[in-house]
Number of protein chains: 2
Amino acid sequence: MTGQIGTALHEAVRQEITRRVRSAEYGAGQALPSAAILAEDFGVSAITIKRALRDLQSAGILRSVPGLGTFVREQRRFIRDLDFSLTSYDDALRLGLKPSIHLISLTREKIQDPAFDVLEPPAGLMLCVRKVIFADDTPIMYDTSYLPRSVSDQVLDEFREKFISDVLRDHGTQFTKTKLLIDAAPASDEAQQTFAIPNGYPTLRRLYRLSTKEKSFSVFGVTESPFDRLACVVELDADHKPPRRRK
Amino acid sequence: MTGQIGTALHEAVRQEITRRVRSAEYGAGQALPSAAILAEDFGVSAITIKRALRDLQSAGILRSVPGLGTFVREQRRFIRDLDFSLTSYDDALRLGLKPSIHLISLTREKIQDPAFDVLEPPAGLMLCVRKVIFADDTPIMYDTSYLPRSVSDQVLDEFREKFISDVLRDHGTQFTKTKLLIDAAPASDEAQQTFAIPNGYPTLRRLYRLSTKEKSFSVFGVTESPFDRLACVVELDADHKPPRRRK
DNA sequence: GAGTGGTCTAGACCACCCT
DNA sequence: GGGTGGTCTAGACCACTCC
């Protein structure tokens with residue numbers, strides 16, 4: 001009774017548990033029966049149950065805490081409006097949330113991730129600011145920003161509490177346009193730790209380039225969010241065309 | 001030697017294999033040594049190796065084919081320019097690719113997914129068109145579109161070969177604006193089959209609403225793509241503001 | 001101490017692909 | 001037939017949380 005296509009035991013178990021979650025038989029935030037009980041309940045081995053539960057963690061449906069139990073994940077997603085405001089701060093306030101920032105590190109690094117290629121980043125060393133953005137005390141974004149090294153220490157200090165674009169704007173920087181690359185990706189190591197999500201968990205990434213009137217001064221960065229914490233919205237006119245056509 | 005935090009065996013194995021892939025020790029498209037050999041090589045059980053290999057499949061790094069072997073996934077990502085053209089067709093051509101469409105089904109359904117809520121979809125039955133879009137013979141999008149039922153059969157027939165927005169535009173429909181909700185999500189059942197990806201595989205979704213001059217006529221839909229097949233780019237002006245402010 | 005989930009193992013069987 | 005990956009099991013140990 002093993003190995004049949006499309007009818008793997010752990011898959012059947014997964015589907016049944018999914019059904020129970022969707023039908024609120026297992027309520028949001030509530031604990032599931034223990035793996036041992038489920039194993040007896042389903043008439044399969046404990047390992048097969050664990051396999052199913054683990055897959056459901058990767059799918060964002062469950063969340064297990066060692067020593068405590070397995071729980072139904074609560075879904076509450078924050079929706080970011082891309083063309084309303086350039087700062088997440090305003091966006092959060094608009095939705096009645098309390099945004100806050102935790103600075104992680106401040107280093108000098110090169111931009112390495114090849115995903116940045118489309119944004120044509122500079123090759124040299126840049127200031128690298130890593131931080132976590134919270135909304136209502138739950139972390140929703142892990143942000144890594146890269147700036148030219150010509151930023152004064154005074155400005156640097158304000159990054160602890162404010163968004164980079166806000167700080168720079170307050171100091172007279174005039175932004176002209178924003179280029180965004182949006183993609184999905186399995187959670188990075190940092191994201192796994194920050195959001196307590198398992199390996200391979202789907203995340204939404206936004207790689208950005210903020211251009212300014214000063215041609216050589218651009219801010220680059222990535223923000224990574226668990227798929228169930230953030231989505232983004234953008235509205236385009238039918239006659240909208242980009243500033244310049246390439247090629 | 002079990003259960004230490006952050007040093008799980010399968011994790012160490014996963015990292016080492018990842019390193020070998022990144023350093024091209026295991027070349028793109030090439031087969032890895034079999035699980036049995038790797039088990040001996042690493043000095044761990046075959047099951048632990050299989051666990052690591054499975055996690056790397058979910059992360060899009062490897063791909064296993066039963067009976068054949070485990071291979072390094074080839075990464076070639078298609079980048080969709082959101083504000084350049086409204087149709088993927090033009091976009092594909094611009095990049096020198098051969099786009100093609102495979103119609104999957106044509107039904108009458110309601111829009112059910114709550115992710116559509118932000119786009120304010122109608123409650124009633126709509127025409128539902130499902131299809132797969134290929135670029136250079138590899139599937140890159142699974143599209144589900146919803147249209148008002150007032151579409152003529154003649155128009156309907158053209159959906160087999162063309163993009164919906166193109167067909168409607170050819171028949172005189174004038175689009176005004178596009179509202180997009182972009183998020184990540186674990187692969188749906190359909191996506192798992194279409195793209196041969198495992199459960200929980202990260203995908204990029206784009207939910208859209210195409211509005212027309214006729215107020216009651218809007219086209220809704222979702223396109224889902226594996227994270228390693230598609231990303232999208234958008235460029236915004238610093239002074240860009242949405243048509244109307246809500247609240 | 002009892003219960004929880006997480007990890008690791010050895011061993012077995014299956015379906016698949018190639019020769 | 002011999003190799004491959006996928007599945008399932010029983011049994012064991014660990015770290016954790018709560019009482």
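Letters go in sequence order (proteins before strands), and every chain restarts at 1.
In this structure, A:R73 pairs ionically with A:D228, as a charged nitrogen and a carboxylate oxygen lie closer than 4.0 Å. Using a 4.0 Å cut-off between charged nitrogen and carboxylate oxygen, A:R205 and A:D113 count as a salt-bridge pair. By the 4.0 Å N-to-carboxylate-O rule, A:E25 lies close enough to A:R19 to be salt-bridged with it.
For B:N199, the side-chain contact (heavy atoms from CB on, under 4.5 Å) partners at least two apart in sequence or on another chain are A:R14, A:D55, B:Q192.
No more than 12 heavy atoms of other residues, nucleotides or ligands sit less than 6.0 Å from atom CZ of A:R76. Under a cut-off of 6.0 angstrom, the local environment of CD in A:E109 is crowded, with over 12 non-hydrogen atoms contributed by other residues, nucleotides or ligands.
With D:dG5, C:dG5, D:dT7 as the candidates, the nucleotide lying closest to the side chain of A:H10 is D:dT7. Picking from D:dC8, D:dG5, C:dG5 the nucleotide with the shortest atom distance to the side chain of A:L9 gives D:dC8.
The six-membered or imidazole ring of A:Y201 lies near that of A:F227, with a centre-to-centre distance under 6.0 Å.
Heavy-atom distances under 4.0 Å link DNA chain C to no residue of residues 37-44 of chain A. Scanning residues 45-53 of chain A for heavy-atom distances under 4.0 Å to DNA chain C yields A:I47, A:K50.
Of the residues B:I104, B:D143, B:L103, the one that meets the side chain to side chain contact (heavy atoms under 4.5 Å, CB included) test with B:R130 is B:I104.
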